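Because the structure is predicted, anything quoted here is derived from the model rather than measured.
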Amino acid sequence: MLKGILSVSGHSGLFKLVAEAENNIVVESLDTNKRMPVYSTAKVSSLEDIAIFTENEDLPLKDVFKAISNLENGGAAISVKSPDKELKAYFQKVLPEYDKDRVYVSDIKKVLLWYNALHEKNLLDFSEPDVKETEE
């Protein structure tokens, strides 16, 4: 679901990986559909590799997105412009075991912003992969 979706430091929004070259990658903005090169000096994070700290173990971002979707019955999440207290309470409902000492309001805002961006573009797919494919 999150394969090929990237966050690039210094640039707002999310990007889709389009091509890889020797010393850069080409990404396309999910917002503007404009393409740009991203060089190896930039900090690039794949949403697939991001996890949220919890009291027990780190939870992959896709599982957090699924919890938000379940809470919202497939709808959009709370606005990131909500007061910090509301954002924390909302995230507590989504993920009761999140580590309150290591997950900051800025992290919560980023997760909700990404969720809403992907939701708006219909890029959230929580269907499980075919069991036969994973067993082979």
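Nearest heavy atom pair, residue Pro37 against residue Tyr39, reads CG-OH, 3.7 Å. Nearest heavy-atom pair across Ser82 and Ser79 is OG-O, 2.9 Å.
Annotation: Glu55, atom CD; neighbour count of heavy atoms from other residues, nucleotides and ligands within 6.0 Å is above 12. At most 12 heavy atoms of other shown residues, nucleotides or ligands fall within 6.0 angstrom of atom NZ in Lys93.
To the nearest 0.5 Å, atoms CE (Met36) and NE2 (His11) are separated by 3.5 Å. Atom-to-atom distance recorded for Leu61:CG and Ser46:OG is 9.5 Å, nearest 0.5 angstrom. Distance OG/Ser69 to NZ/Lys62: 14.0 Å, rounded to 0.5 Å. To the nearest 0.5 Å, the span separating CD on Gln92 from CD on Glu97 amounts to 9.0 Å. Distance check, rounded to the nearest 0.5 Å: OG of Ser7 to CG of Asp49 gives 12.0 Å. The distance from the CH2 atom of Trp114 to the CD1 atom of Ile68 is 11.5 Å, given to the nearest 0.5 Å.
Of the candidates Val94, Val80, Asp107, Val80 is the only one forming a side-chain contact (heavy atoms from CB on, under 4.5 Å) with Leu112. The side-chain contact (heavy atoms from CB on, under 4.5 Å) test with Ile52 is passed by exactly one of Val64, Ile108, Asp58: Val64.
A continuous path of hydrophobic side-chain contacts links Val103 to Val105 [ILVMFWY only; heavy atoms under 4.5 Å]. In this structure, Leu17 is not a member of the same hydrophobic cluster as Val26, with clusters built from ILVMFWY side-chain heavy atoms closer than 4.5 Å. Follow the hydrophobic side-chain contacts under 4.5 Å out from Ile5 and you reach Phe126 in the same cluster. Put simply, Val8 and Val111 are part of two different groups of oily side chains (I, L, V, M, F, W, Y) that touch within less than 4.5 Å, one to the next. By the criterion of side-chain heavy atoms lying less than 4.5 angstrom apart, applied directly or through intervening Ile, Leu, Val, Met, Phe, Trp or Tyr residues, Leu2 is grouped together with Tyr115 in one hydrophobic cluster.
A donor-acceptor distance shorter than 3.5 angstrom exists from the side chain of Asn116 to the backbone of Ala77, with no hydrogens or angles considered. Between the side chain of Lys121 and the backbone N or O of Leu30, at least one donor-acceptor pair lies under 3.5 Å.
With a 4.5 Å cut-off on side-chain heavy atoms, Phe91 and Leu87 do not count as touching.
Residues satisfying the salt bridge (Lys or Arg N to Asp or Glu O under 4.0 Å) test with Asp84, not counting sequence neighbours, are Lys109.
A cation-pi contact, defined as under 6.0 Å to the ring centre and within 45° of the axis, is absent between Lys88 and Tyr90.
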